[in-house]
Amino acid sequence: MVKITLPDGTVKEFESPVTAYEVAESIGSRLAKAAVGAKVDGVLSDLSTVLDSDCALALITEKTRDGKPDAEALFLLRHSAAHVMAEAIQRVVPGAMLVYGPPLETGFYYDIAFPEDRPLREGDFEAIEKEMAAIAKEDRAFTRYEMPVDDGMKKLEAEGSKYKVDNAQRAVAAGSDALSWYATGTPGDNWEDLCRGPHVPSTGRIGAAKVMSLASSYWHGDENSDRLTRVYGTAFFSKKDLDAHLHALEEAKKRDHRVLGKQLELFHIDDAVGQGLILWTPRGAIVRKELQTFIGAELQKQGYFEVFTPQIGKLGLYKTSGHFPYYQESQFPPLVDREHLAMLADEGCTCGQLSNSMGDGDIEGYMLRPMNCPHHIKIYASKPRSYKELPVRLAEFGTVYRWEQSGELNGMTRVRGFTQDDAHLFCLPEQVGDEVQGCLSLVKTIFDALGITEYRVRVGLRDVDSSKYIGDPANWDRAEAACRAAAASLGVPFTEEPGEAAFYGPKIDFVVKDVIGREWQLGTVQVDYNLPERFGLEYIGSDNTTHRPVMIHRAPFGSMERFVGVLIEHFGGAFPLWLSPEQVRVLPVSEKSNEYAQALCDRLVARGVRATVDLNNDRVQAKIKSAARMKIPYSAVVGPRDEEAGAVNVRAFGINDALGSLPTDEFVEGVVAEIACKGSTRLVERFEAAGV
RNA sequence: GCCGCUGUAGCUCAGUGGUAGAGCGCACCCUUGGUAAGGGUGAGGUCGCGGGUUCAAAUCCCGCCAGCGGCUCCA
């Protein structure tokens, strides 16, 4: 007797073991047809799984109740599609050796070692997709079979793929007591792959699949190991879902900050200046400046002091901090003083020798700063400190330079020079909890004001097995506890990630996704016991002896570059009024109204509004179109009728219709008010209230 | 840094060895108009850079630079 509990609590009893499919059939034939997998006691499984003891069973169907594709069903489908793609690829390129092919959030990939004389090219995609479609059409069943570890290993070794042997060894090391294969059809006759599963019942379930792109990867992620080709693909139950997905990708591309940055003239990157170095054009500079002003006001409220420090410092400073030569490879080469530079040039000294001499202290030089903390530390240390003045909070929009690998650079989100909204808090050990808390609430204030709700919080803890961490384990425990508690108090979900801590202390990161799903770390709060030690920082305690303060590094935006990049995508380029580079554009209906338009524009500018007037010899329709193209929040259309009435006709970005007429005074004040309150009340609401 | 793809007008892109193209943008002219592009004329190019093959190269080959997608890295 097998008792099976369904999600709604019903219990079904069977005389002998049954498969999940048979249970589905016993409920209804339509369910059995729609089912693609099962969850047995919470574990995702094949529909053909035999249930031989009492268990909880949930059937997975293509779509959830509300008609959306089910995430777990897609997971099964894509895992299965990876097999089908692998089979197709091996047909197209004989000799391709499979390595590893997992499903992803929006598709799947397969890492494959191709013969050296026959790499895969994008031109092969069509042939692969054709084969995939053919395999799907054959509707072959995914058939699982198992072998004991010893026999299985022999089989794999005989087949001669070191990658599959390795996969099997890993499975065994992870505790598997048998190896499993999935044949796409009949074992022995059809294509098969060592695989843990689970899969959809048959290849016919793959309604639409597409090979998306090629990339390289390393075996085991190790750059010294074999180089593999990673083939990305995606699959859906229906062609319609695939088309919707591809359309969404197209739409996302339009929101890409690199595309919008050009279109809206927000920033420019120029080869002649250098890779990864952002030139903030006037419009982008406005957005950045507004954000800096905003955060500056928040900092003042929270008792920070603003400081200014230079962008270079002596090598010795960074030796003390540990940045040089420890992180030499990710820094710009040092600046050598004139005398030595000439000398070195004469001697034909290489860069390697040069930096060795610097490391040894033979030569003094300067470094473009990779971090702001050493300068702030020197301000803290510039006079004796009493416990009474702690915490000391020093803030600076500090520009730093890091030599990121060329392949990593990405628009504004990964650059070589960037400005952190940085601050360093020097506090008593017992103040760490409160200060971390204060930093987090600052980040939250800012995120809330900008409507950023889609983010995750990552608490980076040390990996206890690693030796890369500096400092007293007891301090680490305390700081980790403080971070955990502070993160928990935020009221948003957070994950604890061992191994993600900085070498000098635990941290809390705010991570957001860009339009193509890549994650970027923005705000960060990091506890640091290391630098106070290295710099010998002190304060006089109430016991009249010296003590060591604790440092907290924090940057709620992370960097202005990355933050604005992410923000461009967040708003799709349509910034809220207070951030918008051009807030109002006045559009005269004809040249006859140019003067009236100019006067209105002047009035707005006099009230601090970023307004312009479109005096081009275009019809108003064309002016509206170009204002929309630049995503200007408000357009004010003015013609003879408005001039007579002392009014303007208002349009708002994103609303494809005129809102209506407002007396000029009311419009100007409404715009000013909306800017001042950062959009918490909006001018458009007046029209909505009036039923427009 | 590694693998693959891409690089043509300010922007988006077409151009498979034989006189460098389109749309948008820009300038000027006509038009003076009422809510998502009126019409005309014109300017604008070292086809990423360097080398090679060829009677002839945007086009084929090699090297470099940059961008894109990943990998790896990320204080």
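Letters A, B, ... mirror the listed sequences (proteins, then strands); counts begin at 1. Values reported hereafter were calculated over all heavy atoms of this structure, with side chains retained and with hydrogens, waters and symmetry mates removed.
Side-chain N/O atoms of A/Gln405 and base N/O atoms of B/rC71 include no donor-acceptor pair closer than 3.5 Å. Remark: the A/Asn656 side chain and the B/rU35 base include no donor-acceptor N/O pair separated by less than 3.5 Å. Residue side chain A/Asp657 does not reach the base of B/rU35 through any donor-acceptor N/O pair under 3.5 Å, judged by distance alone. No hydrogens or angles were tested; on distance alone, a donor-acceptor pair under 3.5 Å links the side chain of A/Tyr218 to the base of B/rG1. The base of B/rC74 sits with one of its N or O atoms less than 3.5 Å from a complementary donor or acceptor on the side chain of A/Arg414. Looking at A/Ser217, its side chain has no donor and acceptor atom pair within 3.5 Å of the base of B/rG70. With hydrogens and angles ignored, no donor-acceptor pair under 3.5 angstrom links the side chain of A/Asp618 to the base of B/rG33.
For the P atom pair drawn from B/rG63 and B/rA22, the interatomic distance equals 35 Å after rounding to whole Å.
Using a 4.0 Å heavy-atom criterion, one finds that A/Arg230 contacts the sugar-phosphate atoms exclusively. A/Asn410 comes within 4.0 angstrom of the backbone, heavy atoms only, and of no base.
Aromatic ring orientation, A/Tyr634 versus A/Phe667: perpendicular (interplanar angle above 60°, classes split at 30° and 60°).
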- Item | Audit row: A/Val211, A/Tyr232, side chain to side chain contact (heavy atoms under 4.5 Å, CB included) steps and yes/no | CA-CA 6 Å; A/Val211 183; A/Tyr232 282 86; over 6 Å; no
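B/rG50 is paired with B/rC62 under the Watson-Crick or G-U wobble criterion, all donor-acceptor distances under 3.5 Å.
Cation-pi geometry between A/Arg230 and A/Tyr109 is met: the NZ or CZ atom falls under 6.0 Å from the ring centre, inside 45° of the normal.
Out of B/rG33, B/rC5, B/rC11, the shortest distance to the side chain of A/Arg619 is found at B/rG33.
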